[in-house]
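In what follows, a structure is listed as C-alpha cells, so that the remarks can point back to it.
Position 1 is the first residue of the sequence; numbering continues from there. Remember, it's a predicted structure, so these values are computed and weren't measured experimentally. Just follow the structure's listing: the first ligand is 1, and inside any ligand the first atom is 1. Computed over heavy atoms, backbone and side chain alike; hydrogens, waters and symmetry mates excluded.
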Amino acid sequence: MEPAASEECRYTYEQYRETADWLLDHTKHRPSLAIICGSGLGGLADHVKDPVVFNYTDIPNFPQSTVVGHAGKLVFGTLAGVSCVVMQGRFHMYEGYPRGTVTFPVRIFHLLGARTLIVTNAAGGLNRGYQVGDIMVIRDHINMPGLAGINPLSGPNDERFGPRFPAMSDAYDEQLRSMALTVGKELGYGPSLHEGVYCTLGGPNFETIAECRFLQQLGADAVGMSTVPEVLVARHCGLRVFGFSLITNKSVLEYGTREKANHAEVLEAGCQAAVKLERLVSALLERMNGKGLV
Ligand code: HPA
C-alpha cells in the first residue's frame with residue numbers, strides 16, 4: 001500500500017540548513033547540548049541563563065505545537081555552565097504530523113553543532129515498583145509504531161545525516177545513565193529513581209488494561225506517546241542520547257478498579273515532580289561539564 005501523502009512529506013537538506021543557519025544568525029549561542037522537554041516539564045527552560053528565546057512560529061520551516069502544556073519555544077542559553085538549546089514543547093505523531101516533522105528539530109540541533117541530546121517525557125508506570133512522581137532513567141526502548149513500520153527514518157536515506165541502517169542496541173548512553181543514577185542517589189532520590197525500558201505507542205488514547213498487561217509482559221517499565229522518534233533520528237545523526245521519564249500515573253492493570261489515566265492528572269503530576277527532575281538534570285549537567293563530557 002502507498003503511504004498517505006502526508007506521511008511522505010519530508011524536508012530537503014537545504015531546508016534543514018536554512019533553519020539552522022537562520023538560528024545561528026539570530027543568536028550568538030553555540031549549543032553543545034539539546035534538551036527536549038516533555039508534557040509539563042518545560043520548566044527547565046526557565047532556568048536557562050542569558051536566554052535567547054524563539055517562538056516556533058518565528059523560525060523558518062519550524063513545525064507548530066498544538067497540545068495544551070507544550071509551549072512552543074526554543075530557548076538558547078546556558079544551564080549549569082553548559083551551552084544548551086532547550087525545546088519547550090515537542091511534536092507528537094498523534095497530532096497528525098508527517099513522520100519527518102516530529103523529528104525535524106533533532107536534525108536542526110545536529111546542524112547547530114550539538115553533540116548530546118537529553119529527552120524527557122511524562123509516562124505511565126507499568127512497573128508495580130514505580131510510584132507517581134518517580135523518575136526513570138531510560139535504559140532502552142520498545143518502538144511499537146516502529147515494529148509496524150512507522151519510523152521517521154523510513155524513506156530515502158540522506159547519507160549527510162547518517163547511515164541507512166543505524167544500530168539501536170546502544171541508543172541510550174551507558175556512561176550518562178550511570179552518572180545520572182549516581183547523581184540521583186547523591187541528591188537523595190534513591191528509592192524514587194529507577195532505570196528501565198520505555199515503550200512508545202502512537203496514542204492519543206491511553207492504553208486498555210489488556211494492552212498494559214501485554215506491554216508489561218514485553219518487558220516495558222513505562223509507557224508513553226513520544227520520545228522514540230526523536231531518539232532514532234538523533235542516533236542516526238550520531239548524537240549521544242540520554243533520557244528520563246517522569247512517572248505521572250500508574251498504568252491500570254486490574255479490571256474492576258475506577259482508576260483511569262487522564263491528561264490533567266499527567267500535567268498535575270508533571271508540575272509537582274518537575275522541580276525534582278530539573279534538579280537532577282542540572283546536577284547531571286554540572287557533573288558532565290566537570291568531566292569534560294559536554
Ligand atoms: N500512557 C501513555 N502516555 C502517557 C501516560 C500513560 O499512562 N502517562 C503519561 N503519558
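With atom 9 (C) of ligand 1 as the reference point, the heavy atom nearest to it among Thr248, Val223, Val132 is part of Thr248.
Both tests do not hold together for Lys73 against Tyr56: distance to the six-membered ring centre under 6.0 Å, angle to the ring axis within 45°.
Closest approach of Asn61 and Glu18 over heavy atoms only: ND2-OE1, 2.9 Å.
Of all the atoms in ligand 1, the ones that sit under 4.0 Å from a non-hydrogen atom of Asn249 are 5 (C), 6 (C), 7 (O), 8 (N), 9 (C). Applying the 4.0 Å criterion to heavy atoms of Val266 picks out, from ligand 1, the atoms 8 (N), 9 (C). Of all the atoms in ligand 1, the ones that sit under 4.0 Å from a non-hydrogen atom of Gly124 are 5 (C), 6 (C), 7 (O), 8 (N), 9 (C). Annotation for ligand 1: atoms under 4.0 Å from non-hydrogen atoms of Glu207 are 1 (N), 2 (C), 6 (C), 7 (O).
Among protein heavy atoms, atom 10 (N) of ligand 1 sits closest to Ala122 O, 3.3 Å. Protein heavy atom closest to atom 3 (N) of ligand 1, with residue, atom name and distance, is Gly224 CA, 3.3 Å.
Judged by distance alone, the side chain of Thr12 and the main-chain N or O of Gln15 form a donor-acceptor pair under 3.5 Å. Between the side chain of Arg139 and the main chain of Met136, no donor-acceptor pair closer than 3.5 Å is present. Using a distance-only test at 3.5 Å, with no hydrogens or angles considered, no donor-acceptor pair links the side chain of Ser178 to the main chain of Glu174.
Taking the charged nitrogens against the carboxylate oxygens, Arg287 and Glu186 do have a contact shorter than 4.0 Å, which makes a salt bridge.
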